[in-house]
Amino acid sequence: MTGVSNAATEPRADEGLVPPGERGATRIADRVVAKVAARAAREAVGALPPDAEHPHASVVVRHGVVRVRVHVELDYPCDVGARCGRVRHHVSERVGTLTGMKVPEVAVRVERLHPTAEYGAAQGRTR
């Protein structure tokens with residue numbers, strides 16, 4: 001009988017696999033978590049003026065919990081609070097999803113505001 005298999009002679013699919021509790025742990029370096037956070041902040045901030053620096057981040061990781069500090073530059077005028085909230089939410093979500101760690105705190109620091117060309121011209125001196 002060709003093409004017919006016997007369940008007793010076939011190897012089981014789970015033979016040779018280590019049980020999940022005995023597989024060990026994966027360690028993600030803090031600098032990698034910081035890069036993930038900076039990239040997530042860049043996604044959330046969106047387009048910036050040409051002279052603005054990209055967001056950067058620093059992190060503290062302890063026992064699978066990440067605390068993030070993100071530094072951003074924004075264009076002005078804008079709703080600074082809403083944009084910081086969007087950055088905070090996106091960084092928390094992306095870092096948590098990509099690293100599997102809890103992210104209870106994301107502090108956003110606005111380093112610089114860049115006036116748009118139209119805003120700067122409208123604020124000029126008039127007589």
Side-chain angles (χ1 to χ4, degrees):
M1 270 189 352
T2 58
V4 178
S5 63
N6 183 353
T9 60
E10 282 187 6
R12 290 182 40 193
D14 61 351
E15 281 184 21
L17 295 179
V18 178
E22 298 175 16
R23 290 184 190 161
T26 301
R27 170 137 166 61
I28 302 173
D30 292 3
R31 65 185 172 87
V32 173
V33 178
K35 286 182 180 185
V36 169
R39 176 62 186 201
R42 194 174 308 138
E43 293 169 358
V45 167
L48 288 175
D51 59 336
E53 291 187 23
H54 290 291
H56 62 277
S58 59
V59 299
V60 175
V61 181
R62 288 203 178 106
H63 307 294
V65 177
V66 182
R67 299 197 188 289
V68 181
R69 179 176 300 266
V70 179
H71 302 265
V72 298
E73 295 185 10
L74 302 174
D75 55 343
Y76 187 80
C78 71
D79 185 348
V80 175
R83 290 198 56 196
C84 289
R86 188 168 59 235
V87 168
R88 192 177 299 107
H89 174 75
H90 191 70
V91 168
S92 175
E93 184 177 290
R94 294 291 287 165
V95 170
T97 300
L98 294 173
T99 65
M101 298 180 194
K102 294 180 184 178
V103 187
E105 179 183 330
V106 177
V108 179
R109 179 177 176 151
V110 178
E111 294 289 330
R112 184 174 171 199
L113 295 173
H114 296 266
T116 59
E118 302 85 36
Y119 181 76
Q123 295 297 315
R125 198 169 198 178
T126 58
R127 291 185 178 203

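Keep in mind that this is a model prediction, so the values were computed, not measured. Residue numbers start at 1 and run along the sequence shown. Atom set for the values below is all heavy atoms of this structure, side chains included, hydrogens, waters and symmetry mates excluded.
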Checklist line | Atom pair CZ/CG of Arg62 and Asp30 - distance to nearest 0.5 Å | finding: 9.5 Å
Item checked: Glu43 atom CD, over 12 foreign heavy atoms within 6.0 Å -> yes
Next item on the list: Write down the atom of Ala52, the atom of Glu73, and the distance for their closest heavy-atom approach.
Entry: CA-OE1, 3.3 Å
Checklist line | Minimal non-hydrogen separation, Ala57 against Ala38, with atom names | finding: CB-N, 3.9 Å
Checklist line | Straight-line distance of His54 NE2 to Leu48 CG, nearest 0.5 Å | finding: 8.0 Å
Margin query: One thing to verify: whether Arg83 and Asp75 come together as a salt bridge, which I'm taking to mean a side-chain N less than 4.0 angstrom from a carboxylate O.
Written below: yes
Margin query: Do Asp51 and Arg112 make a side-chain contact, defined as non-hydrogen atoms from C-beta onward lying under 4.5 Å apart?
Written below: yes
Note to self: Test: side chain to side chain donor-acceptor pair (under 3.5 Å). Region: residues 98-111. Which pairs qualify, not counting sequence neighbours?
What the structure shows: His71-Glu111, Arg109-Glu111
Note to self: Give me the atom names and distance for the closest heavy-atom approach of Arg94 to Ala40.
What the structure shows: CB-CB, 3.8 Å
Note to self: Check for me, please, whether Val68 and Val32 land in the same ILVMFWY cluster - side-chain distances under 4.5 Å, paths through other members count.
What the structure shows: yes
Notebook entry, point to check: What are the two closest heavy atoms between Pro104 and Arg67, and how far apart are they?
Noted result: CG-NH1, 3.2 Å
Note to self: Donor-acceptor pair, distance only, cut-off 3.5 Å: does the side chain of Arg88 make one with the backbone of Val106?
What the structure shows: yes
Note to self: Measuring from atom NE2 of His63 to atom CE of Met101, what distance do you get when rounded to the nearest 0.5 angstrom?
What the structure shows: 12.5 Å
Checklist line | Val103 vs Val91 side-chain heavy atoms within contact, under 4.5 Å | finding: no
